[in-house]
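Here is the structure we will look at.
A quick note: this is a predicted structure, and the numbers were derived from the prediction, not measured. Below, read A as the first sequence line, B as the second, and so on, with proteins coming before strands; counting in each chain starts at 1.
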Amino acid sequence: MTERTMIQAIQDAIAIALEQDPRVLVLGEDVGKNGGVFRATEGLQERFGEHRVVDTPLAESGIVGSAVGLAIAGMRPIAEIQFLGFIYETMDQLASQAARVRFRTQGRFTVPLVVRAPFGGGVRTPELHSDSLEALFLHTPGLKVVMPSNPYDAKGLLLAAVADPDPVLVLEPMRLYRLGRMEVPDGHYTVPIGQARIARPGTDVTVVAWGPTVPVALEASEAAAAEGVSCEVVDLRTISPLDRRTLVTSVEKTGRAVVVHEAVRTGGVGAEVLAAIHDGAFYSLLAPVERVTGYDTPYPPPAVEDLWLPTSKRVLAAVRRVMEA
Amino acid sequence: MTERTMIQAIQDAIAIALEQDPRVLVLGEDVGKNGGVFRATEGLQERFGEHRVVDTPLAESGIVGSAVGLAIAGMRPIAEIQFLGFIYETMDQLASQAARVRFRTQGRFTVPLVVRAPFGGGVRTPELHSDSLEALFLHTPGLKVVMPSNPYDAKGLLLAAVADPDPVLVLEPMRLYRLGRMEVPDGHYTVPIGQARIARPGTDVTVVAWGPTVPVALEASEAAAAEGVSCEVVDLRTISPLDRRTLVTSVEKTGRAVVVHEAVRTGGVGAEVLAAIHDGAFYSLLAPVERVTGYDTPYPPPAVEDLWLPTSKRVLAAVRRVMEA
Amino acid sequence: MRTYRWDNDVPAHQVMAPDGTLVGALPQDLDDARLVEFYRWMVFARRFDQRALNLHRQGRLGTYAPFAGQEAAQIGSFAALEKDDWVFPSYREVAGMLFFGLPPEMALLFSKGHPVAGRMPDELNMLPGQIIIAAQTLHAVGAAWASKLRGERRIAATFFGDGATSEGDFHEALNFASVFRLPVVFFCQNNQYAISVPVSRQMAVRSVAQRALAYDMEGICVDGNDVVAVYAAMRRAVDRARSGGGPTLIEAVTYRQGPHTTADDPRRYRDPEAHRTWLETRDPIRRLRLYLEARGAWDEQAEERWLREADERIAQAVERAESHPAPDAAEALFDHVYGTRTPDLEDERRSWLAAWERGANA
Amino acid sequence: MRTYRWDNDVPAHQVMAPDGTLVGALPQDLDDARLVEFYRWMVFARRFDQRALNLHRQGRLGTYAPFAGQEAAQIGSFAALEKDDWVFPSYREVAGMLFFGLPPEMALLFSKGHPVAGRMPDELNMLPGQIIIAAQTLHAVGAAWASKLRGERRIAATFFGDGATSEGDFHEALNFASVFRLPVVFFCQNNQYAISVPVSRQMAVRSVAQRALAYDMEGICVDGNDVVAVYAAMRRAVDRARSGGGPTLIEAVTYRQGPHTTADDPRRYRDPEAHRTWLETRDPIRRLRLYLEARGAWDEQAEERWLREADERIAQAVERAESHPAPDAAEALFDHVYGTRTPDLEDERRSWLAAWERGANA
Ligand SMILES: Cc1ncc(C[n+]2csc(CCOP(=O)(O)OP(=O)(O)O)c2C)c(N)n1
Ligand SMILES: Cc1ncc(C[n+]2csc(CCOP(=O)(O)OP(=O)(O)O)c2C)c(N)n1
Ligand SMILES: [Mg+2]
Ligand SMILES: [Mg+2]
């Protein structure tokens, strides 16, 4: 066990993957000498060589597309897209290629590919660096999508992604990269893909969050507790496949739910979480599920981003509303 | 009034737009001499010249990206993406560029751009030609998305899109292109963007559909009527902005809803429609909203596609379930 | 001011003139026996193509992309590959794929929309024909990269059309390949059209091969209806790749004699004059026949025999394709989305089966 | 076998050597007065850049992308444009944008993340610096196309880095521009790095300008630290575009003296030797100063005066930026998503305002 920030846990996971499996290689922009713009690959090129930690030309479709070829040919590429906002450039290679090769070839070829991408707001980045785009990939069969909210999960989910036989998108909330430290085991372990986690048990309201909004949900729950409301916080951890069972089990107990995400509201993962609860716990619901999310606008410039992001106060207000309904 | 198929109505709308506004031009692959692979631009290059109906090189990002520049500079481009499955190539230019220029420049520049794309299943196309991807764009602020289900709406929505000051994606269900004819006014008219249509009034169950599933919903409603169940079919017509009011009004009356779409289930527009109903008509709901959709798999090859698509039988079964709940 | 500018016009490399006479040196490994083999494959492919169009007309085949006119480009290029090289074709490469070992019934099943057609034979490192224009060029780059990293002999070849060179992915692929000096061959069949759009509208350069200059890569422009020249160019590129010399871009100048696909009507856009010239004087099969005939390696009887053999093999393939079991739809739909079905897919599969039993699917 | 291959190595075009002596002909429209004007702008821009880094260090500015070292490339190129030409820059072009008429406080507000900074002055057909690498090159193509369709004089210029040339959009833009022969200039500042990645890893060719060959376009490689050579190259390209001769690709070979942005630590990847050489012997401002000094158009007093004037203007800009009203957040967030707010945005705006009043936003 070592105390690690999330970025350190990620770096550690990548190092272990490179060490344990000669088929693993890391590719992306600035991942080599520079160690990644967030230092996720710090020191890895020195340690594993230029052929296993590779700076590519500046072309995201090229990164993902060639990683698809690498994976088809039996390698285990870990591709980095410098910021999730740039993933649009790779949509065809991700959604029509990586995610479909198994289906297209009815199992003859597969794409065990990991694509990592930092994302999320609150860190004053320029335009298009902060967008939360997980919903696009929830709607993409053949892809899996995970999103850690703490260092332990970050390492375990990343190692699970590397071991997975299918393409996995690992979305890393950059706001949490260095937010705090936590005890993280030193060796190899995995956090299973597809399982949500009860981040805080409770009885009155289920608060569903993922990635960067987990701390927001926890803070709101703390405040609610002071008002005598017991929130159960579910940290999805995996966006796709969605752990509907955990959601339904929790809401069957609480009868109320608030979903919190940073992505824009309409058509977000929150709608599917709401639908999962609606489908599975309809007769337990005491109040309509509330969504606390980004607004239906482009992610705004730094000077106003804090006024746009979901806050614990907004979550608390929603908790109060579902309690009063 | 002339009897027109949907494709004829679309061709007519484009011709009117070219005729009435010198700023309009059409660009895309095979739109010129060939008149489009579905003949949506049949005869238009001959009539309006090579400079207004332009065959471009084979590059979708180039088509949308240069159309963004054309629109910024005051033109009114109508870009064709040959099949919606290829829109992934343009995601950055659509979602990060076209949809954001107004916001980025706080109104100084705008992108009055129309992007047309055929899509949808049931016509035995090769892979990646049939996918329903409207959900990606419902989640893209700054874009509007319309989807006609009949010739009248196809023409009116397209002309409304051309007149709109913002980028509008017009998704055309190719299965309906030549499915039937209907009286369509000859001149210019618009169908307002953002307004759903009651395709069939009813009292017991609201069936929500759009584009290619509208006929499926109507067929199921017919069968339900024979069983004494009165379905109200809501044809969304516009995906974004979503007409929540019409949905809620209908469900407040019926108390039950079935949502039908061809796109894969998870994270689809159906989830947001369900959420809209859940949010707005929670206390009227007598049963959980059902979704009848494509399965969570890639769009399958022609030999099995009919076994994958939502059928009126599946819709009818869902109608029965919500009636029995 | 000195500037970069390309002013030359390099003619397509040719070894065999349209009248079947040699205008260049035959590669050493191409003797008459090998050329007869090429010829027989070209004849077989042409017959296959005609039969497929026929089947389509009879409603026995779905969308099909004919390759007639491009047999030399495809067979000449695939012939320079080794059996375990990586192949990333487009939908147009059926002649090459058949030559490379794809059972002809698989090509038919592909156009029948049968899911099994995507399941390439285990012994081939070949992907099904890519639908998204130029996407496969990047996959070839990745596979070549894997070979290089593992020190394998295996190279990668990717096939695409003139239109594909306009896509961003094409550029990114050539750039990656050249920067990493990967063992990959980019083989472009310039068949003059991308559906209806002529190559003159696709690019301002007169030769696709010229695009190689942007990557410090060798670009070879070859007469794509000259199977010998195509083979020689591919041989050169494959040898370079295998020996660590990096990528090559080959342009085979050829012509699509038929429609783009069975859904296309080429009369809308084709230049009838040029069309006649290509058909009458530049057909790749005719050219090789004239050569073989002059060598005494071809005569009418042989032709008839080969045609008969071809037609028999094709008939068998049609028979196998048409008697192929209908897809196991539950498997085809749900079992190859992921390595293991997710809980949602389990549920959906179950409810699909239930609907199936009720007859509610379709 | 004849193949396309580029074997030459064209040196960057130069008019003024690093020691300030002329090695080529001055363009006719560049007299001493104009060169003094360039010089003063370069000095102003350098001071602005330094001040911005300073403000960042003091926490008074957000992410900033410094351009020191690239002043000649930017001012020399923007100087050949007319005031109503279209300009599609990247985030790096602040020196050029200031020269072109962007109020310096706007550049500061941009790095402060103020929404107003995206609202370019009405009199300029200039977009804010694009963040998505190479995306703006296509917008320039479209704007140039609009000009051509309407028969306007206006041309379009787009600015980007060496790394941008690897993106698919760059290729698609050059291809469209050349196929349609559009009045657009592609101006690449090859500043040797894309963040940490050196240009040698970005492309196999030695010059970005060589990439023009793939489009039958003229590619000009110019010493980007020679403001005269840059101006001459841009003049040539702009004149060509304006007179209907189509697009040009210019590569200005220059150097980013500072970090990629304020978030970057260039010591991790930079070659210290080369760094020293660029700084000490190839600085663009020093070069022009040596020339002007030899012409008697520069002396210490003038320099001091110009610096003082620059600093005063900068101080005013800082003052204006820092006293700029805080954004009207409700407007900035909700009122420019569409021309008219949608019903959802109306609701969201209302609930945002309510939360604002409760203090629940942030
Ligand atoms: C990304 C993408 N865009 C468009 C299409 C539609 N389409 C299919 S084939 C084709 C033309 C391809 O031309 P070319 O590359 O020359 O190959 P050819 O068909 O001539 O062999 C087009 C536009 C597609 N399949 N994929
Ligand atoms: C599509 C995209 N990919 C990646 C990035 C992240 N990024 C920002 S600047 C940069 C390097 C750009 O290099 P270059 O084009 O040479 O321009 P320079 O910064 O040197 O002026 C990268 C990788 C981005 N902004 N957009
Ligand atoms: Mg072609
Ligand atoms: Mg650079």
Side-chain angles (χ1 to χ4, degrees), chain A residues 22-23 25 27 51-52 54-75 77 79 89-90 92-93 96-113 141-144 164-167 193-194 238 240-245 276, chain C residues 86 88 115-122 124-128 130-132 134-150 152 154 156 158 167-169 171-180 182 184 327 331-333 335-345 347:
Chain A
R23 298 170 305 172
L25 80 163
L27 67 161
H51 292 292
R52 302 196 59 208
V54 188
D55 279 326
T56 65
L58 207 176
E60 289 74 17
S61 186
I63 292 168
V64 174
S66 61
V68 168
L70 281 159
I72 287 175
M75 303 296 286
E89 315 274 1
T90 78
D92 177 71
Q93 287 294 346
S96 302
Q97 307 301 330
R100 292 212 192 211
V101 167
R102 180 190 288 279
F103 189 81
R104 176 180 303 155
T105 68
Q106 293 281 295
R108 167 78 175 85
F109 294 107
T110 59
V111 181
L113 161 67
L143 273 192
K144 296 178 181 172
D164 199 275
D166 290 302
I193 295 177
T238 293
S240 175
L242 199 58
D243 183 355
R244 296 179 198 271
R245 185 132 61 123
Chain C
W86 282 104
F88 293 87
V116 76
R119 198 178 164 93
M120 294 285 105
D122 284 346
L124 297 180
N125 292 317
M126 181 162 74
L127 278 282
Q130 174 66 238
I131 297 298
I132 295 293
Q136 76 275 22
T137 60
L138 280 167
H139 308 162
V141 164
W145 195 350
S147 273
K148 180 170 176 171
L149 285 171
R150 289 190 296 231
E152 294 172 355
R154 208 185 333 240
T158 180
E167 287 280 7
D169 273 4
H171 168 65
E172 299 188 12
L174 268 75
N175 195 43
F176 272 56
S178 59
V179 164
F180 295 120
L182 299 176
V184 53
E331 185 211 319
L333 294 176
D335 293 1
H336 303 290
V337 183
Y338 298 99
T340 311
R341 288 192 296 270
T342 62
D344 280 1
L345 283 169
D347 283 354

Given heavy-atom pairs under 4.5 angstrom as the criterion, report whether the side chain, backbone, both or neither of Gln136(C) touches chain A. neither

Shortest non-hydrogen contact from Gly74(A) to Arg150(C)? C-NH1, 3.9 Å

Rounded to the nearest 0.5 Å, how far does CZ of Phe109(A) lie from CE of Met126(C)? 9.0 Å

So for Pro128(C), is it side chain, backbone, both, or neither that comes closer than 4.5 Å to the heavy atoms of chain A? side chain

Testing the basics here: between Ala143(C) and Ala73(A), what is the closest heavy-atom pair and its distance to 0.1 Å? CA-CB, 3.9 Å

Interchain contact, Ile63(A) with chain C, by part (heavy-atom threshold 4.5 Å): both

Heavy-atom distance under 4.5 Å to chain A: side chain of Ala173(C), backbone, both or neither? neither

Side chain from CB out, backbone as N, CA, C, O: work out which of these in Val337(C) comes under 4.5 Å of a heavy atom of chain A, or both, or neither. both

Note: vs chain C, highest number of non-hydrogen pairs under 4.5 angstrom among Arg245(A), Arg52(A), Lys144(A) is Lys144(A)

Please state whether the side chain, the backbone, both or neither of Ala59(A) comes within less than 4.5 Å of a heavy atom of chain C. both

For Val64(A), which atoms come within 4.5 Å of any heavy atom of chain C: side chain, backbone, both, or neither? neither

Max heavy-atom pairs within cutoff under 4.5 Å with chain C, candidates Gln93(A), Met75(A), His51(A), goes to Gln93(A)

Step by step, would you call Arg108(A) with Asp122(C) a side-chain contact (heavy atoms from CB on, under 4.5 Å)? CA-CA 7 Å; Arg108(A) 167 78 175 85; Asp122(C) 284 346; 3.3 Å; yes

Using side chain to side chain donor-acceptor pair (under 3.5 Å) as the criterion, list what pairs up with Arg341(C), not counting sequence neighbours. Asp335(C), Glu346(C)

Against chain A, label Ala177(C) side chain, backbone, both or neither, depending on which of its atoms sit under 4.5 Å from a heavy atom there. neither

Measure Thr110(A) against the heavy atoms of chain C and call it side chain, backbone, both or neither at under 4.5 Å. neither

Closest approach of Phe103(A) to Leu333(C) (non-hydrogen atoms, all atoms of both residues): CE1-O, 3.3 Å

For the residue pair Asp344(C) and Pro241(A), establish whether any side-chain heavy-atom pair is separated by less than 4.5 Å. no

List for me each residue that meets side chain to side chain donor-acceptor pair (under 3.5 Å) alongside Arg104(A), sequence neighbours excluded, and say none if there are none. Gln97(A), Glu127(B)

